[in-house]
Visitor: 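Below are the structure tokens for one structure; questions will follow.
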Amino acid sequence: MTKPGSIVDVRIIIGGRLQSSEADEYDDVFNPSTGAVIARVPLGAAADAAAAVSAAAKALPQWSRTPVVDRARVMFRYRELLEQNFDALARLVTREHGKTLAESRAEVRRGIEVVEFACGIPSLFMGRTIADIASDVDADVMRHPVGVCVGITPYNFPAMVPMWMYPIALVCGNTFVLKPSEKVPLAVMRLGELLLEADCPPGVFNVVHGGRPCVEALIDHPDVAAISFVGSTPVAKAVHERGTLAGKRVQAAGGAKNHFIIMPDADEDLAVQALAASSFGCGGQRCMATSVAVPVGPVADSLVEALSAHAESMTVGPTDQHGDADMGPLIRPAHVERVARSLDMADSEGAVIALDGRREFPGDGFFLGPSVVDRVRPEMQVARDEIFGPVLSVIRAGTLEEALAFGRQCEYGNGASIFTRDGYAARQFREHFNAGMVGINVGVPAPMAWFPFTGWNRSFFGDLHVQGQEGIQFYTRQKVTLTRWFKPSGDSHHDPVWKG
Ligand code: NAD
């Protein structure tokens, strides 16, 4: 950790203003393609968290009473600004994360789609009524905001994951404090500046930075009503437990170990392309990345050979200057080492390294090539742990039923895919695979803005998932009103009549 110096210090957003953090400690933000330090991020703790929550609490009464259509109009203006700044945002994501520009563009597009969804929230915000639920009594239910909401997000989607949360929370009438990953704070700061430009009132959206102490100060703050978390499973579980123990609403999405079944009738070329894109895209650092390929029956040998050849032909290199690398760097040198160690582990457990991505790369970027590990068994650590890098394990299955059983042995339950032309196999897979988001002939079955991100098992802690209508449910509470209407005494004109 370094003290602030000549490199730009990332600021925070509180009460509608960009300002300096109260933090004593700073961490370096890198360009993973070059290894260069590009900024310093404050590791703010209690003081920043308290100031941000206080600004959000102050803005809450007025914002929650602002008509929902006016709240949505902020998102209409925001969407235009995001479109105008689309390329610059994508370049920023590539610079601080290392994914290719095409991947960053896709990420920003997915985020804008959530803003588009949020523009339509007035229609989804409507309540429901039953007139005359009892004699002269009407019942209705209306949605109300929950209050100050907090978002805590991971490094692997610097723009998209934060955008899963705050556009929906804000149009629902809440105010928000975002704590992005300290590894990638830059895109979020630009997103926040653009939201202020869209006339989002001061205090409605705030950003602070930091690690665990900052997160815990936010969760523990008595004025915080709801917490949205996306990150690794141990932290998701801890955040969920801490928040719910304090009586707060928590949705916490965790890690993953996604399977990809290849049936004997699948088109091998298509399956290999989809597998490689799913396993090695974003350097394998996607919660919907495939990390276990499950060829069924006789396709295994040919699949492993074709996949290894495809992966070996991928160019791995810097993504920030030229658009020609197929795969960029990993987030930090320590992560490169951790992912590389999983190959040693696989080797020691008796798996066969069909393609080894460990090699020297020019420059100081944080690179590791794609690897394919064959003859993995479901009980091996390499098959059980989330590696979160470009390492694809291959577990060979004799039948579809065996492939489905491997899924049941996995403690995660985020995503899974099948490639097949057989409707029965597809249906069996859809019904019985033990995960919340499944793809049939789709390699990365990540739900778009209109649908919830429905991880199961240890990939999610809580009830209502992020995005889509579940997002609206999470960020609102319902109030039922029963109203008795008295008849004026002696008024016979109010006796029931049927005018049909
Ligand atoms: P992480 O869990 O290390 O960090 C996530 C956030 O939590 C960051 O903002 C970080 O500052 C904070 N944090 C870290 N340690 C903490 C602690 N002990 N207490 C409180 N807060 C803490 O995750 P990451 O490495 O940034 O991101 C990668 C992980 O996120 C992977 O496991 C990936 O599968 C997961 N992920 C899941 C989804 C999903 O939808 N399920 C989406 C994207 C990423």
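Basis for what follows: all heavy atoms, side chains included, without hydrogens, waters or symmetry-related copies. Quick caveat: nothing in here was measured; it's all calculated off a predicted structure.
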Visitor: Quick check against the 3.5 Å criterion: does Arg338 have a side-chain atom that pairs as donor or acceptor with the backbone of Ile387?
Guide: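 Side chain of Arg338 to backbone of Ile387, a donor-acceptor pair under 3.5 Å: yes, one is there.
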
Visitor: State whether Arg77 and Glu80 are salt-bridged, where the test is any N-O pair (Lys NZ or Arg NE/NH1/NH2 against Asp/Glu carboxylate O) under 4.0 Å.
Guide: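 A salt bridge is absent here (no side-chain N lies under 4.0 Å from a carboxylate O).
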
Visitor: Centre of Phe157's six-membered ring, under 6.0 Å away, within 45 degrees of the axis: is that where NZ or CZ of Lys99 sits?
Guide: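 Geometry flag: set, cation within 6.0 Å and 45°.
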
Visitor: Over all heavy atoms of both residues, which pair between Ser459 and Tyr412 is shortest? Give the atoms and the distance, please.
Guide: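 Nearest pair, atom of Ser459 first, then Tyr412: OG-CB, 3.5 Å.
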
Visitor: Just so I know, are the side chains of Pro185 and Val29 near enough to count as touching, which here means a heavy-atom distance under 4.5 Å?
Guide: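 Of all side-chain heavy-atom pairs linking Val29 with Pro185, at least one is under 4.5 Å.
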
Visitor: Between Phe229 and Val215, is there a side-chain heavy-atom distance shorter than 4.5 Å?
Guide: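 Not touching, per the 4.5 Å side-chain cut-off.
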
Visitor: Only one of Phe474, Tyr475, Phe453 passes ring pair (Phe, Tyr, Trp, His ring centres under 6.0 Å) with Trp164; say which it is.
Guide: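 Passing option: Phe453.
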
Visitor: Can you tell which of Val177, Leu178, Ile13 makes a side chain to side chain contact (heavy atoms under 4.5 Å, CB included) with Val208?
Guide: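 Between Val208 and the candidates, side chain to side chain contact (heavy atoms under 4.5 Å, CB included) is satisfied uniquely by Val177.
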
Visitor: Rounded to the nearest 0.5 Å, how far apart are CG of Leu392 and OG of Ser291?
Guide: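 It comes to 7.5 Å.
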
Visitor: I'd like to know if the side chain of Asn414 and the backbone of Gly436 have a donor-acceptor N/O pair within less than 3.5 Å.
Guide: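 Such a contact is absent between Asn414 side chain and Gly436 backbone.
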
Visitor: Is Glu312 atom CD crowded by more than 12 heavy atoms from other residues, nucleotides or ligands, each under 6.0 Å away?
Guide: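 Not buried by this count: 12 neighbours or fewer within 6.0 Å.
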
Visitor: For the pair Gln467 (side chain) and Met448 (backbone), establish whether a donor and an acceptor sit closer than 3.5 Å, ignoring hydrogens and angles.
Guide: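 Judged by distance alone, yes, a pair lies under 3.5 Å.
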
Visitor: side-chain hydrogen bond (donor to acceptor under 3.5 Å, both in side chains) with Tyr155: which of Gln285, His97, Glu96, Arg332?
Guide: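 Going through Gln285, His97, Glu96, Arg332 one by one, the side-chain hydrogen bond (donor to acceptor under 3.5 Å, both in side chains) with Tyr155 is satisfied by Gln285 alone.
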
Visitor: Judged by atom type as modelled, is there a donor-acceptor pair below 3.5 Å linking the side chain of Ser33 to the main-chain atoms of Gly98?
Guide: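 No; judged by distance alone, with no hydrogens or angles, the pair does not exist.
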
Visitor: Between Ala277 and Arg286, which heavy-atom pair has the shortest distance, and what is it?
Guide: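 Result for this residue pair: O-NH2, 2.7 Å.
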
Visitor: For the pair Arg11 (side chain) and Arg17 (backbone), establish whether a donor and an acceptor sit closer than 3.5 Å, ignoring hydrogens and angles.
Guide: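 Pair absent, no side-chain N/O of Arg11 close to backbone of Arg17.
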
Visitor: State, yes or no, whether a side-chain contact exists between Pro180 and Val161 at a heavy-atom distance under 4.5 Å.
Guide: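 No, side chains not in contact.
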
Visitor: Is it the case that more than 12 heavy atoms not belonging to Arg359 sit under 6.0 Å from its CZ atom?
Guide: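 Buried by this count: over 12 neighbours within 6.0 Å.
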
Visitor: So how far is it from Asp320 CG to Ser104 OG, rounded to the nearest 0.5 Å?
Guide: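 Between atom CG of Asp320 and atom OG of Ser104 there are 10.5 Å.
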
Visitor: Quick one: does Lys257's side chain have a donor or acceptor within less than 3.5 Å of a partner on Asp385's backbone?
Guide: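 The answer is yes, because a donor-acceptor pair under 3.5 Å joins these two groups.
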
Visitor: Using modelled atom types only, decide if a donor and an acceptor are shared between the side chain of Ser417 and the backbone of Val442 within a distance under 3.5 Å.
Guide: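 Checked: pair present.
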
Visitor: Indicate whether the side chain of Thr94 and that of Thr319 have a donor and an acceptor atom separated by less than 3.5 Å.
Guide: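 No - no donor-acceptor pair under 3.5 Å links their side chains.
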
Visitor: Measuring from Phe125:CZ to Ile472:CD1, what's the distance to the nearest 0.5 Å?
Guide: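 Interatomic distance, Phe125 CZ to Ile472 CD1, rounded to 0.5 Å: 8.5 Å.
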
Visitor: Quick one: does Val230's side chain get under 4.5 Å of Met165's, heavy atoms only?
Guide: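 When only atoms from C-beta onward are counted, Met165 and Val230 do touch, with a gap below 4.5 Å.
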
Visitor: Indicate yes or no for a side-chain donor-acceptor contact from Thr290 to the backbone of Leu275 under 3.5 Å, with no hydrogens or angles considered.
Guide: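 Looks like no, no N/O pair under 3.5 Å.
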
Visitor: Would Trp456 and Phe433 count as a side-chain contact (heavy atoms from CB on, under 4.5 Å) if you check the C-alpha gap in whole Å, the side-chain angles of each, and the deciding distance to 0.1 Å?
Guide: CA-CA 11 Å; Trp456 283 8; Phe433 199 92; over 6 Å; no

Visitor: Does a side-chain N-to-carboxylate-O contact under 4.0 Å join Glu241 and Lys237?
Guide: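 Result for this pair is yes, salt bridge flagged.
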
Visitor: Between Glu107 and Arg110, is there a side-chain N and carboxylate O pair less than 4.0 Å apart?
Guide: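 No, Glu107 and Arg110 are not salt-bridged.
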
Visitor: Begin with the C-alpha distance, continue with both residues' side-chain angles, and end with the deciding distance and a verdict on side-chain contact (heavy atoms from CB on, under 4.5 Å) for Ile12 and Val207.
Guide: CA-CA 5 Å; Ile12 56 179; Val207 181; 5.7 Å; no

Visitor: From Phe76 CZ over to Leu81 CG, what is the distance, rounded to the nearest 0.5 angstrom?
Guide: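 Between Phe76 CZ and Leu81 CG, I get 14.0 Å after rounding to 0.5 Å.
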
Visitor: Find the distance between CG (Asn85) and CD (Glu197) and round it off to the nearest 0.5 Å.
Guide: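 Here the rounded value is 7.0 Å.
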
Visitor: Starting from the C-alpha separation in whole Å, work towards a yes-or-no answer on side-chain contact (heavy atoms from CB on, under 4.5 Å) for Leu186 and Val10.
Guide: CA-CA 7 Å; Leu186 303 179; Val10 180; 3.7 Å; yes

Visitor: Considering only heavy atoms from C-beta outward, does the side chain of Leu191 approach that of Tyr78 to under 4.5 Å?
Guide: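 Yes - at least one pair of side-chain heavy atoms lies under 4.5 Å apart.
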
Visitor: Which pair of heavy atoms, one from Gly328 and one from Thr100, lies closest together, and at what distance?
Guide: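 That would be N-CG2, 4.4 Å.
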
Visitor: I need the minimum non-hydrogen distance between Leu368 and Val316, along with the two atoms involved.
Guide: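 Smallest interatomic distance, heavy atoms only, reads O-CG1, 4.1 Å.
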
Visitor: Hey, are Asp28 and Arg40 close enough for a salt bridge, meaning a charged N less than 4.0 Å from a carboxylate O?
Guide: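 Yes, charged N to carboxylate O under 4.0 Å.
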
Visitor: Any salt bridge linking Asp344 with Arg358? Criterion: basic side-chain nitrogen under 4.0 Å from a carboxylate oxygen.
Guide: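 Salt bridge flag = yes for Arg358 with Asp344.
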
Visitor: Assign the ring pair Phe361 / Phe367 to parallel, tilted or perpendicular, where the plane angle (0 to 90°) is split at 30° and 60°.
Guide: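 Rings of Phe361 and Phe367: tilted, 30 to 60°.
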
Visitor: On a heavy-atom basis, which atom in Pro122 and which in Ala118 lie closest, and how many Å separate them?
Guide: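 Of all heavy-atom pairs spanning Pro122 and Ala118, the closest is CD-O, 4.4 Å.
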
Visitor: Could Lys183 and Asp27 be called an ion pair, given the rule that one side-chain N must be under 4.0 Å from one carboxylate O?
Guide: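 Looking at Asp27 together with Lys183, the answer is no, because their closest N to O distance does not fall below 4.0 Å.
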
Visitor: Take atom CG of Asp364 as the centre, draw a 6.0 Å sphere, and report whether it contains more than 12 heavy atoms from other residues, nucleotides or ligands.
Guide: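 No, CG of Asp364 has 12 or fewer neighbouring heavy atoms, counting only those of other groups under 6.0 Å.
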
Visitor: Is any side-chain heavy atom of Ser371 less than 4.5 Å from a side-chain heavy atom of Val391?
Guide: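 Contact flag for Ser371/Val391 side chains = yes.
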
Visitor: Would a 4.5 Å heavy-atom cut-off, applied to side chains only, mark Arg341 and Glu337 as touching?
Guide: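 Side chain of Arg341 against side chain of Glu337, heavy atoms only: contact under 4.5 Å found.
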
Visitor: Shortest non-hydrogen contact from Ala236 to Gly254?
Guide: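 Result for this residue pair: CB-CA, 3.9 Å.
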
Visitor: Between Asp326 and Thr315, is any side-chain donor less than 3.5 angstrom from a side-chain acceptor?
Guide: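 A pair is found: one side chain offers a donor N or O, the other an acceptor, under 3.5 Å apart.
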
Visitor: Look at the side chain of Gln19 and the backbone N and O of Ile14, then say whether any donor-acceptor pair between them is shorter than 3.5 Å.
Guide: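 Flag set: sc Gln19 to bb Ile14 pair under 3.5 Å.
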
Visitor: Should Leu170 and Met75 be marked as a side-chain contact (heavy atoms from CB on, under 4.5 Å) after you check the CA-CA gap, both sets of side-chain angles, and the distance that decides it?
Guide: CA-CA 9 Å; Leu170 296 189; Met75 288 301 145; 4.0 Å; yes

Visitor: A side-chain contact here means heavy atoms from C-beta on lying under 4.5 Å apart; do Arg242 and Leu245 qualify?
Guide: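 Answer no - side chains too far apart.
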
Visitor: For Phe388, does its backbone N or O pair with a side-chain atom of His335 as donor and acceptor, under 3.5 Å?
Guide: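 The answer is yes, because a donor-acceptor pair under 3.5 Å joins these two groups.
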
Visitor: If you count the non-hydrogen atoms of other residues, nucleotides and ligands that lie under 6.0 Å from CD in Glu22, is the total more than 12?
Guide: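 For Glu22, atom CD is not crowded (no more than 12 foreign heavy atoms under 6.0 Å).
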
Visitor: Could you tell me the separation between the CG atom of Asp463 and the NE2 atom of His240, rounded to the nearest 0.5 Å?
Guide: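 Answer for the CG-NE2 pair, Asp463 versus His240, is 8.5 Å.
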
